[in-house]
Amino acid sequence: MFAMQYDRFGGPDVLHLGTTDAPQPRAGQIRIRVHAAGVSPVDVGLRSGRTPMSARLPLPHIPGVDAAGTVDKIGDDVHDVTLGDHVFGIVELARLGGASAQFAVLQHWAHKPTTMPWTQAGAAGTSIETATRALDLLDPRPGMTILVDGAAGGVGSIAVQLATARGIHVIGTARADNHDLLRQLGATPVTYGPDLTNRLDALGVTRIDRALDVAGAGSLTELLHLTGDPTAVVTLADFTAPTHGVRLSMGQLAGEPDGRHGLPAAAQLFTKGRFRVPIDAVFPLTKAADAHRTSEHGSRRGKIVLTVDDEPEG
Ligand SMILES: NC(=O)c1ccc[n+]([C@@H]2O[C@H](COP(=O)([O-])OP(=O)(O)OC[C@H]3O[C@@H](n4cnc5c(N)ncnc54)[C@H](OP(=O)(O)O)[C@@H]3O)[C@@H](O)[C@H]2O)c1
């Protein structure tokens with residue numbers, strides 16, 4: 001099969017089109033012919049060689065943890081799909097990649113709603129899993145108010161919608177350019193950065209019951225002040241969390257219960273018109289280096305996604 005891969009760590013230009021054996025699904029897994037695959041911060045960090053997990057990667061490595069496509073092979077003990085089904089999901093996370101390719105093996109999946117574009121489906125998996133897991137940990141009740149810090153990005157934009165669907169009021173932080181997006185997703189927008197409390201006061205917000213830090217930009221002290229309770233705060237990206245007594249959720253890789261049940265739930269919300277995966281930028285698979293560059297630089301308005309054609313031009 002063809003795949004975008006890298007043989008050494010470094011900048012986006014280490015990515016190149018190559019060929020390799022198609023992966024085989026093990027028990028509990030399926031293989032898909034990929035139509036779209038997401039590009040996430042973790043893919044970029046691993047490729048750079050700067051994250052400790054890079055050391056675990058055998059090279060060459062195919063990046064990408066999210067994909068959507070047509071089921072073409074089914075492992076043992078799988079009973080909820082048939083060949084030809086359209087699904088979206090997450091690769092086996094221990095492999096830390098494999099999605100930016102002609103074929104990918106999925107560990108968790110849900111059926112793609114017929115009307116969901118491939119681009120949205122391809123980028124959805126880990127963002128839905130992560131947002132679901134974080135909301136499960138925070139366990140906000142209907143009527144409560146949650147603050148999502150970094151609400152316009154891949155995970156944040158999903159967390160806003162899943163929280164809203166649970167009947168929770170959402171205040172989302174983003175740069176001013178993204179405030180309209182947050183309103184469309186159902187959140188009250190506020191600009192991120194220091195002195196958040198003052199800006200919330202100006203908005204007339206008197207109570208924050210829960211806070212989810214998606215950005216990891218150093219807001220934990222302020223989020224603790226706002227909620228008054230370390231157990232009411234979860235971060236996905238701030239590794240200083242233990243010094244604040246705050247929970248850092250790393251999911252399956254840390255042996256935590258995962259949020260895979262969020263995938264079919266989000267698909268159902270999509271069919272009801274209550275959920276979408278905001279897409280920031282779409283690139284053909286062979287332009288994966290440009291997609292990684294986009295992910296590295298600047299702000300987000302949802303996810304970055306690669307589309308996979310039958311015969312890519314190298
Ligand atoms: N622990 C886990 O299980 C897990 C899972 C998935 C991802 N993550 C991590 O979570 C982080 C976010 O992932 P993502 O996919 O959502 O990334 P992303 O799509 O790049 O979004 C990051 C968002 O952070 C916002 N941001 C930038 N500076 C900020 C600041 N000072 N305060 C608040 N927000 C700020 C940006 O907002 P604007 O666009 O409005 O500027 C952007 O939308 C990454 O570090 C990723 O590695 C962790």
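Residue numbers start at 1 and run along the sequence shown. Ligands are counted one by one from 1 in listed order, and the atoms in each one are counted from 1 as well.
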Exercise. Hey, is ligand 1 close enough to Lys303 that some N/O pair sits below 3.5 Å?
Worked result: no
Exercise. Looking only at N/O atoms, are Gly153 and ligand 1 under 3.5 Å apart anywhere?
Worked result: yes
Problem set entry | Gln184 side chain to Arg276 side chain, donor-acceptor N/O pair below 3.5 angstrom | yes
Exercise. Under 4.0 Å from any heavy atom of Ser249, which atoms of ligand 1 are there?
Worked result: 1 (N), 2 (C), 3 (O)
Exercise. Taking only heavy atoms of Val214, which atoms of ligand 1 are found under 4.0 Å from at least one of them?
Worked result: 10 (O), 11 (C), 12 (C), 16 (O)
Exercise. So, Ser157 versus Lys303: side-chain donor-acceptor pair below 3.5 Å or not?
Worked result: no
Exercise. Heavy-atom count around Arg183 CZ within 6.0 Å, excluding the residue itself: above 12?
Worked result: yes
For this session: Could you tell me whether the side chains of Asp136 and His261 share a donor-acceptor contact shorter than 3.5 Å?
Result: yes
Exercise. With no hydrogens and no angle check, do the side chains of Thr20 and Gln5 hold a donor and an acceptor under 3.5 Å apart?
Worked result: no
Exercise. Counting both backbone and side chain atoms, is some N or O of Gly154 under 3.5 Å from an N or O of ligand 1?
Worked result: yes
For this session: Look at ligand 1 and say whether Gly216 reaches it with a heavy atom at a distance under 4.0 Å.
Result: no
For this session: Could you see which bit of Val155 sits under 4.0 Å from ligand 1, with heavy atoms only: side chain, backbone, both or neither?
Result: both
For this session: List every atom of ligand 1 that sits less than 4.0 Å from any heavy atom of Ala174, numbering the atoms from 1 in the order shown and giving each element.
Result: 40 (O)
For this session: Please could you name the atoms of ligand 1 that Ala215 approaches to less than 4.0 Å, counting only its heavy atoms?
Result: 24 (O), 33 (C), 34 (N), 35 (C)
Problem set entry | Arg199/Asp201 salt bridge by N-O under 4.0 Å criterion | no
Exercise. Checking side chain to side chain contact (heavy atoms under 4.5 Å, CB included) for the pair His86/His111: CA distance, chi angles, key distance, verdict?
Worked result: CA-CA 6 Å; His86 291 172; His111 281 94; over 6 Å; no
Exercise. Side-chain donor-acceptor pair under 3.5 Å between His16 and Asp7, yes or no?
Worked result: yes
For this session: Please work out whether any backbone atom (N, CA, C, O) or any side-chain heavy atom from C-beta onward of Thr130 is under 4.0 Å from ligand 1, and answer side chain, backbone, both or neither.
Result: side chain
Exercise. Going by distance alone, is a donor N or O of one side chain under 3.5 Å from an acceptor N or O of the other, for Arg133 and Ser249?
Worked result: yes
Exercise. Going by heavy atoms, is Thr126 under 4.0 Å from ligand 1?
Worked result: no
Exercise. Less than 3.5 Å between some nitrogen or oxygen of Thr173 and one of ligand 1, yes or no?
Worked result: no
For this session: Count the heavy atoms belonging to other residues, nucleotides or ligands that lie under 6.0 Å from CG of Asp177, then report whether that count exceeds 12.
Result: yes
For this session: Could you say whether the N/O atoms of Arg175 and ligand 1 ever approach to under 3.5 Å?
Result: yes
For this session: Measure Ala217 to ligand 1 on non-hydrogen atoms and call it side chain, backbone, both or neither using the 4.0 Å cut-off.
Result: side chain
Problem set entry | For ligand 1, the portion of Ser219 having any non-hydrogen atom under 4.0 Å away | neither
For this session: Check whether any heavy atom of Arg133 sits under 4.0 Å from an atom of ligand 1.
Result: yes
